[in-house]
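Have a look at the structure below before the remarks.
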Amino acid sequence: MSTSHWKRIVIKVGSALIAPNQQGCSSRYLLGIAQFIATCRAQGCQVVLVSSGSVAAGKHRFQDTAEPSVSLKKAMAAAGQADMMATWDKLFDFPSAQLLVTHGDLRDRERYVSIKDTIFTLLDHGLLPIINENDAVTTDKLRVGDNDNLSAMVAAAADADALIICSDVKGLYTKNPNLHDDAKLIKQVSDINEDIYAMAGGATSSVGTGGMRTKIQAAEKAISHGIETMIVDGFDADTFNQLLKGQNPGTLFTPYDEPMQEHLHWMTHTSQVQGELIVENDFDANLEEHDTQLTSDDVVAVKGNFSVGDTVLVRKGDGTKLAKAKSNYSSCLLHFISDQEDREFANNAQQKTGPLISDKNIAILEQI
Ligand SMILES: Nc1ncnc2c1ncn2[C@@H]1O[C@H](COP(=O)(O)OP(=O)(O)O)[C@@H](O)[C@H]1O
Ligand SMILES: N[C@@H](CCC(=O)OP(=O)(O)O)C(=O)O
């Protein structure tokens, strides 16, 4: 790894760094990160910042926050977001811009492309995009839920070379270092497998969301897009000196040699399944090559309510997942076609609408 080779990076900053004592924002730990961002920019590297901390920053404005309800958390986010932005803004001598998104935005291809466009336009004009989830408006159905996964989706959208996740620990340990004295830091991970997930626990601080588990999920998303990913200690100012020297101060996740294409990556990691097309257990066509041949006759059941253009999961009756794909049919139309006793009518209807799923919008899943 070498910072001088990066053209574009995403830096994610966790809540504990923004509001370390939960009495509003503090620039104590942000100064080193801000200097690192300024140095990267001076070296010609574009930077996107994904900043957590709106909830932690807004907490002190409310009473009875020990176990906040969802409504209270949303209100805290609304109260803390402006404070968090203002704290960052004071540390930069270049302009920044706020972008608040939800999973509802990212999984809709049109809005995703629009978000990409805004990020690139801001970068081209020398502004620093500062991105957070729009917590104040999200619901369970709409939220990403943690900024680790959000930062990986942003890194893919920004076509970044690296994703640096700044947390309150040095990196991934063999077990949670806050609970186990004998935990050992893992310097490099080249294969994210079940053993790696087994090491990663949840958050133990009162402000963090997701802990190490969501950071591993984020790393998996990012490296499959060819994005070098690091988890580093944002509390330690030396972290950023080491990064600038090309050293690895935490845990480095090495990217895939052959990254997924952008569209396929979005389909696999960002789009959300709205329904299912269930095929026979002995269905053995290669959907990638023969996707145009998937007809309503292959489909034994349609689950969920979806519209034309929504993402559907194609799976076998025994549960084997075959592909995520964009549906060219609504669930209503598919039910209507399969209910027709007159097969000629059904075939004509299908011939007019074309294949069930589109060959340009399909992600083949490992058979799980
Ligand atoms: N194997 C592990 N290695 C390191 N940290 C771990 C591990 N398992 C769980 N954790 C927890 O993950 C926390 C970091 O995640 P989180 O609290 O969500 O921070 P952030 O706000 O930076 O996202 C650590 O403070 C630690 O308590
Ligand atoms: N969007 C939330 C942060 C969610 C989150 O993932 O927090 P963290 O684990 O501290 O990165 C906020 O701004 O408070």
Side-chain angles (χ1 to χ4, degrees), residues 70 101-115 137-145 149 153 156 217 221 224 260-368:
V70 173
V101 298
T102 66
H103 195 245
D105 300 318
L106 293 163
R107 68 180 180 231
D108 178 284
R109 186 74 197 168
E110 207 175 318
R111 276 185 271 166
Y112 178 81
V113 171
S114 168
I115 291 166
V137 307
T138 48
T139 60
D140 276 349
K141 273 191 184 162
L142 290 177
R143 66 169 63 92
V144 179
N149 278 293
M153 292 176 196
Q217 291 168 350
K221 284 185 172 67
S224 67
M260 282 181 186
Q261 287 173 350
E262 191 271 343
H263 206 289
L264 187 62
H265 188 275
W266 175 82
M267 182 64 82
T268 310
H269 291 299
T270 305
S271 77
Q272 199 178 55
V273 164
Q274 306 290 331
E276 294 183 347
L277 303 181
I278 296 158
V279 296
E280 297 278 10
N281 284 345
D282 59 2
F283 181 85
D284 65 353
N286 179 342
L287 283 169
E288 207 165 20
E289 282 175 17
H290 302 290
D291 59 294
T292 50
Q293 291 167 15
L294 184 73
T295 70
S296 65
D297 290 338
D298 299 311
V299 175
V300 292
V302 175
K303 296 218 164 148
N305 288 318
F306 52 89
S307 309
V308 177
D310 281 348
T311 301
V312 290
L313 175 70
V314 184
R315 70 165 173 89
K316 292 185 181 177
D318 64 10
T320 311
K321 295 177 180 175
L322 299 176
K324 271 170 97 176
K326 180 175 163 180
S327 179
N328 291 332
Y329 288 65
S330 67
S331 49
C332 272
L333 181 56
L334 281 173
H335 283 302
F336 175 77
I337 289 175
S338 64
D339 287 349
Q340 294 307 307
E341 282 180 10
D342 179 352
R343 292 318 297 162
E344 202 180 323
F345 175 84
N347 289 340
N348 283 344
Q350 220 173 135
Q351 255 166 21
K352 279 200 187 109
T353 316
L356 257 59
I357 53 178
S358 155
D359 59 343
K360 289 188 190 66
N361 295 292
I362 185 162
I364 300 299
L365 302 171
E366 276 175 39
Q367 304 240 325
I368 42 172

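- Heavy-atom minimum distance, Ala325 versus Ile357: CB-CG2, 3.7 Å.
- Within a 6.0 Å sphere centred on CG of Asn305, other residues, nucleotides and ligands contribute 12 heavy atoms or fewer.
- In this structure, Thr270 OG1 and Lys221 NZ are separated by 7.0 Å, a value rounded to the nearest 0.5 Å.
- Contact detail for Asn328 and Thr353: the closest heavy-atom pair is O-CG2, 3.9 Å.
- Residues Met153 and His269 fail the side-chain proximity criterion, which asks for heavy atoms closer than 4.5 Å.
- Side-chain contact between His265 and Ser224: present, with at least one pair of heavy atoms (C-beta onward) separated by less than 4.5 Å.
- In terms of modelled atom types and a separation under 3.5 Å, the side chain of Ser338 and the main chain of Leu334 share a donor-acceptor contact.
- At least one side-chain heavy atom of Ile278 sits less than 4.5 Å from a side-chain heavy atom of Arg315.
- Between Tyr112 and Trp266, the ring-plane angle classifies as tilted under the 30° and 60° cut-offs.
- Contact check for Phe283 versus Val314: no side-chain heavy atoms found under the 4.5 Å cut-off.
- The two residues Thr268 and Lys324 have their closest heavy-atom pair at O-NZ, 3.1 Å.
- In terms of heavy-atom proximity, Phe306 sits nearest to Tyr329 at CE1-O, 3.4 Å.
- Taking CD1 from Ile115 and CD from Glu110, the interatomic distance works out to 11.5 Å, rounded to the nearest 0.5 Å.
- In this structure, Val144 and Leu106 have side chains that are in contact, with non-hydrogen atoms separated by less than 4.5 Å.
- No side-chain heavy atom of Thr311 sits less than 4.5 Å from a side-chain heavy atom of Arg107.
- Atoms OG and NE2, from Ser271 and His103 in turn, are 7.5 Å apart once rounded to the nearest 0.5 Å.
- Under the 3.5 Å distance criterion, the side-chain polar atoms of Asp298 are matched with a main-chain donor or acceptor of Thr295.
- No more than 12 heavy atoms of other residues, nucleotides or ligands shown are found within 6.0 angstrom of CD on Gln261.
- Distance alone, capped at 3.5 Å, places no donor-acceptor pair between the Ser307 side chain and the Asp310 backbone.
- Here the CG atom belonging to Leu264 is positioned 9.5 Å from the CD1 atom belonging to Ile362, to the nearest 0.5 angstrom.
- Partner of Leu356 under the side chain to side chain contact (heavy atoms under 4.5 Å, CB included) criterion, out of Val312, Ile337, Leu277: Leu277 alone.
- The minimum heavy-atom distance between Ala363 and Met267, with the atom names listed, is CB-CG, 3.6 Å.
- Residues Lys316 and Asn281 meet the side-chain proximity criterion, which asks for heavy atoms closer than 4.5 Å.
- A donor-acceptor pair under 3.5 Å is formed between the side chain of Asp105 and the backbone N or O of Thr102.
- Between atom OG of residue Ser296 and atom CZ of residue Phe336 there is a gap of 12.0 Å, rounded to the nearest 0.5 Å.
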